[in-house]
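Let me begin by presenting the structure, written as structure tokens, before commenting on it.
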Number of protein chains: 2
Amino acid sequence: MKSRKATSHEVARLAGVSQSTVSRAFNRESAVSEETLKRIRAAANKLGYWPNELARSLISRRSNMVGIVMGDILNPFYPAVLAAFTQKLQALGRRILLFSVAPGADIDDVLPQMLQYQVSGVVITSATLSSRMARTISASATPVVLFNRSIYGHPVNSVCCANEDGARDVARLLCEAGHVRFGLVGGHADTSTHIERRQAFVEELRRHGICGVVEHSGGNTYEGGRTAARLLLDAAQRPTALFCISDIMALGALDATRYDLKLSVPDDVSIVGFDDIPAAAWPSYQLTTVQQPVDKMVDQAIALLERQIKDTAAPPSQLHIPGTIIVRTSARLGPQPTHAASRPSGERGRKRG
Amino acid sequence: MKSRKATSHEVARLAGVSQSTVSRAFNRESAVSEETLKRIRAAANKLGYWPNELARSLISRRSNMVGIVMGDILNPFYPAVLAAFTQKLQALGRRILLFSVAPGADIDDVLPQMLQYQVSGVVITSATLSSRMARTISASATPVVLFNRSIYGHPVNSVCCANEDGARDVARLLCEAGHVRFGLVGGHADTSTHIERRQAFVEELRRHGICGVVEHSGGNTYEGGRTAARLLLDAAQRPTALFCISDIMALGALDATRYDLKLSVPDDVSIVGFDDIPAAAWPSYQLTTVQQPVDKMVDQAIALLERQIKDTAAPPSQLHIPGTIIVRTSARLGPQPTHAASRPSGERGRKRG
DNA sequence: CTGAAAGCGCTTACAG
DNA sequence: CTGAAAGCGCTTACAG
């Protein structure tokens, strides 16, 4: 009950071998004779022995831990991201040191903490990295990958959805349907996702001859999206199409349109989101949106990180993985091509290139 | 760029003091003279030195890490739980080692890993603990708290919502509204939450003279709840009230009722959930449910854990924190008392004791 | 207030 | 295949 944990020395004594042999039995069993291995296993079992990872990490200088900074776990897009990271990293034998920071806050405080634990690498999701910290990181030589964030002017790995392409497609399809008055519900103005999606959307509208877009921030929350939509749709010249920078805000916007303003979606107002969170597919919403390929993105992020862990000198990459427009019923879009593939799941939405 | 991390010895050399003094400067600065402290700080700064937590943990035998096992992060109830744990533990100066296990899977594999990292304590959320592992834990003398799970016959800390009381209230209010045909959408049959909520619900119905409840498992997912509801409501003797063991299933059930079966909620079918996830409050759902007091529960869980970390001999507690019925519009319930308090937030739901 | 020394529990050359 | 020894980077009595 009060038993202190057994050490390799105690196992060694019980098995009648040296401590180094016990250590080898747990690292490269091939280096230990069959017979000895058996005795050591029996002894270890009896004492409930497992190697102390702290000591192991200290001497071998690899902690095997990866730090993850989560910026916005309450946004329904991120649980799937976190689940993918934890599963895949666990499968690689890595442990996860989790830190959360308030949305919008930067990670200057938590980064030194991670480094003190000698993490092998760091994943930063949905958080702002100050350029001071970018320097701290490169000074510490700890591999880093940004997920859904990119940073200009610093050589840091990052994996994002192709935000520009997605937003441009949305703009084009809405224009082709004849919309001329647009509203945009934005996220945090200083995040790369907001900037990239907004920029590309506005530019594409301009290419179609449309110069005005009313904008409002929805702070990347349901309530924020709802409030923003209420404000945008209350105008005399009501927009007929709303592009929301993230799905969670789009759901709020959709509910505002239907329940607060008693308007019809998509007859009065078309609403498009970005992410493809689970609720977007529910029949109450049927949200047309740009799907982020979370699994692929996480795979790539881990690959970049592992590459740099293996070779610190590996040049950082900035990856942009294409998203896919999922056409559901929340928006009046341009004419649908007849060959539009229906989704494999039998779900109602259709993908569109 | 390739700089290996500085050690306390290097700082000591640069500052012209001994390594032990450097160590003291980072632990109890009061034990070091003002002047020396200044020199050490300057040196540390120059070298970018921070104490290696692994070494610190090893020698002082406290890792300061708490292991968290998340069983079901994709259920929208858990992001708030994880957020609360990470925030509050971070504020206490603890680090979080995160593990995830498939829903329903037991944690026999991950537990030894956490123990190898010498975690100060373990939080287990929404996962099954085999009795073998319960023994491993008590043998390792590592403090543990179960969150939203309890385990019979083992002295382990646990914090749950008062599942029985909540489910009983739901049953009573539905009976008082005159419902006589009931359906139950369950979760995983071997979890304490399922067992307790189901049991209390069925018992209370019996007290009201109702002996038959049709049941179906919804596996604690939206899709599962939707399918289960479709099956339950397809019967000749259609239930007029569905109790869903968790909100995420209730949302699926609600959509099934409205969109798959073209029935009205609550006129044809009343639906009640359990958890009060954010989506329950959205106007598309307006789900009547039992709210789990997540913040209070997490506070208590951390308190139990910290108590046992301080004093390994502290007797384990099993806590059941009362939930609150939030009355929205998804169910036809018994006559509402006129004094029912309206919710502070101005939200439509009403609390009910 | 400061330093020399022991030691946390391991891994890993180095001999044999 | 096995053991003795050095050392990872710290904390913490113990002297002075």
Side-chain angles (χ1 to χ4, degrees), chain A residues 3-41 43-44 47-65 95 112-113 115-120 140, chain B residues 3-41 43-44 47-65 95 112-113 115-120 140:
Chain A
S3 64
R4 254 189 60 268
K5 267 163 196 144
T7 71
S8 55
H9 281 101
E10 297 167 278
V11 175
R13 198 171 314 136
L14 185 59
V17 297
S18 75
Q19 181 270 334
S20 14
T21 302
V22 172
S23 177
R24 280 188 206 100
F26 279 87
N27 285 299
R28 306 182 295 115
E29 15 180 300
S30 63
V32 178
S33 81
E34 189 68 17
E35 218 269 313
T36 312
L37 207 52
K38 219 174 285 176
R39 284 218 313 286
I40 292 178
R41 287 221 177 105
L47 299 177
Y49 171 76
W50 286 102
N52 181 326
E53 271 294 338
L54 260 28
R56 189 182 249 180
S57 298
L58 182 61
I59 188 77
S60 60
R61 298 150 145 286
R62 343 167 242 89
S63 78
N64 222 4
M65 292 193 281
R95 308 294 163 252
Q113 297 175 11
L115 297 181
Q116 284 190 264
Y117 275 90
Q118 320 299 114
V119 293
S120 304
S140 81
Chain B
S3 63
R4 253 189 60 267
K5 266 161 200 148
T7 69
S8 55
H9 282 100
E10 297 169 279
V11 175
R13 197 171 316 135
L14 184 59
V17 297
S18 76
Q19 181 272 333
S20 11
T21 302
V22 173
S23 177
R24 279 189 206 102
F26 280 86
N27 285 299
R28 305 183 295 116
E29 16 181 300
S30 63
V32 178
S33 81
E34 189 69 16
E35 218 270 312
T36 312
L37 207 53
K38 220 176 280 177
R39 285 217 312 288
I40 292 178
R41 286 219 178 108
L47 299 176
Y49 170 77
W50 286 101
N52 181 326
E53 271 295 337
L54 260 29
R56 189 181 249 179
S57 298
L58 183 60
I59 189 76
S60 60
R61 299 151 148 286
R62 345 167 241 88
S63 77
N64 222 6
M65 292 193 281
R95 308 293 163 251
Q113 297 175 12
L115 298 182
Q116 285 189 265
Y117 275 88
Q118 319 299 116
V119 294
S120 303
S140 81

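Lettering of chains follows the sequences in order, A, B, ..., and the numbering in each one begins at 1.
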Can you identify which nucleotide, out of [options], has its nearest atom closest to the [X] side chain?
{"X": "B:Thr7", "options": "D:dC10, C:dG9, C:dC10", "result": "D:dC10"}
{"X": "A:Thr21", "options": "C:dT11, D:dG9, D:dT2", "result": "D:dT2"}
{"X": "B:Arg61", "options": "C:dT11, C:dC8, D:dG9", "result": "C:dC8"}
{"X": "A:Ile59", "options": "D:dG3, D:dC8, D:dC10", "result": "D:dC8"}

Any chance you could measure [X], atom [atom1], to [Y], atom [atom2], to the nearest 0.5 Å?
{"X": "A:Glu10", "Y": "A:Lys5", "atom1": "CD", "atom2": "NZ", "result": "13.0 Å"}
{"X": "A:Ser18", "Y": "A:Arg24", "atom1": "OG", "atom2": "CZ", "result": "6.5 Å"}
{"X": "A:Leu54", "Y": "B:Met65", "atom1": "CG", "atom2": "CE", "result": "5.5 Å"}
{"X": "A:Arg13", "Y": "A:Leu47", "atom1": "CZ", "atom2": "CG", "result": "9.5 Å"}
{"X": "A:Arg95", "Y": "A:Ser57", "atom1": "CZ", "atom2": "OG", "result": "10.0 Å"}

Salt bridge check, A:Lys38 against A:Glu34: does any charged N sit closer than 4.0 Å to a carboxylate O? no
Does C:dC10 have its OP1 or OP2 closer than 4.0 Å to a side-chain nitrogen or oxygen of B:Tyr117? no
At under 4.0 Å, does any side-chain N or O of B:Ser8 touch on OP1 or OP2 of D:dC10? yes
So, with a heavy-atom separation below 4.0 Å from DNA chain D, the residues of residues 22-41 of chain B are B:Ser23, B:Arg24, B:Asn27
Roughly how many Å is it from [atom1] in [X] to [atom2] in [N], rounded to a whole number?
{"X": "B:Arg62", "N": "D:dT11", "atom1": "CZ", "atom2": "C1'", "answer": "9 Å"}
{"X": "B:Leu58", "N": "D:dC10", "atom1": "CG", "atom2": "C1'", "answer": "8 Å"}
{"X": "A:His9", "N": "C:dC10", "atom1": "NE2", "atom2": "P", "answer": "9 Å"}
{"X": "A:Gln19", "N": "D:dG3", "atom1": "CD", "atom2": "P", "answer": "11 Å"}
{"X": "A:Arg13", "N": "D:dT2", "atom1": "CZ", "atom2": "P", "answer": "19 Å"}
{"X": "B:Leu54", "N": "D:dC8", "atom1": "CG", "atom2": "C1'", "answer": "10 Å"}
{"X": "A:Tyr49", "N": "C:dC10", "atom1": "OH", "atom2": "C1'", "answer": "7 Å"}
{"X": "B:Arg56", "N": "C:dG9", "atom1": "CZ", "atom2": "P", "answer": "18 Å"}

Please tell me if the side chains of [X] and [Y] come closer than 4.5 Å, counting only heavy atoms from C-beta onward.
{"X": "B:Ile40", "Y": "B:Tyr49", "result": "no"}
{"X": "A:Asn52", "Y": "A:Thr7", "result": "no"}
{"X": "B:Asn27", "Y": "B:Arg56", "result": "yes"}

Residue whose closest nucleotide on DNA chain C lies nearer the 5' end, B:Ser60 versus B:Gly16: B:Gly16
Check every strand shown and say whether A:Glu53 touches a base, only sugar-phosphate, or nothing at a heavy-atom separation below 4.0 Å. nothing
Secondary-structure stems for DNA chain C, with pairs counted as Watson-Crick or G-U when both distances are under 3.5 Å and runs at least 3 long: C:1-3 with D:14-16, C:5-12 with D:5-12, C:14-16 with D:1-3
What are the two closest heavy atoms between A:Ala44 and A:Phe26, and how far apart are they? CB-CZ, 3.9 Å
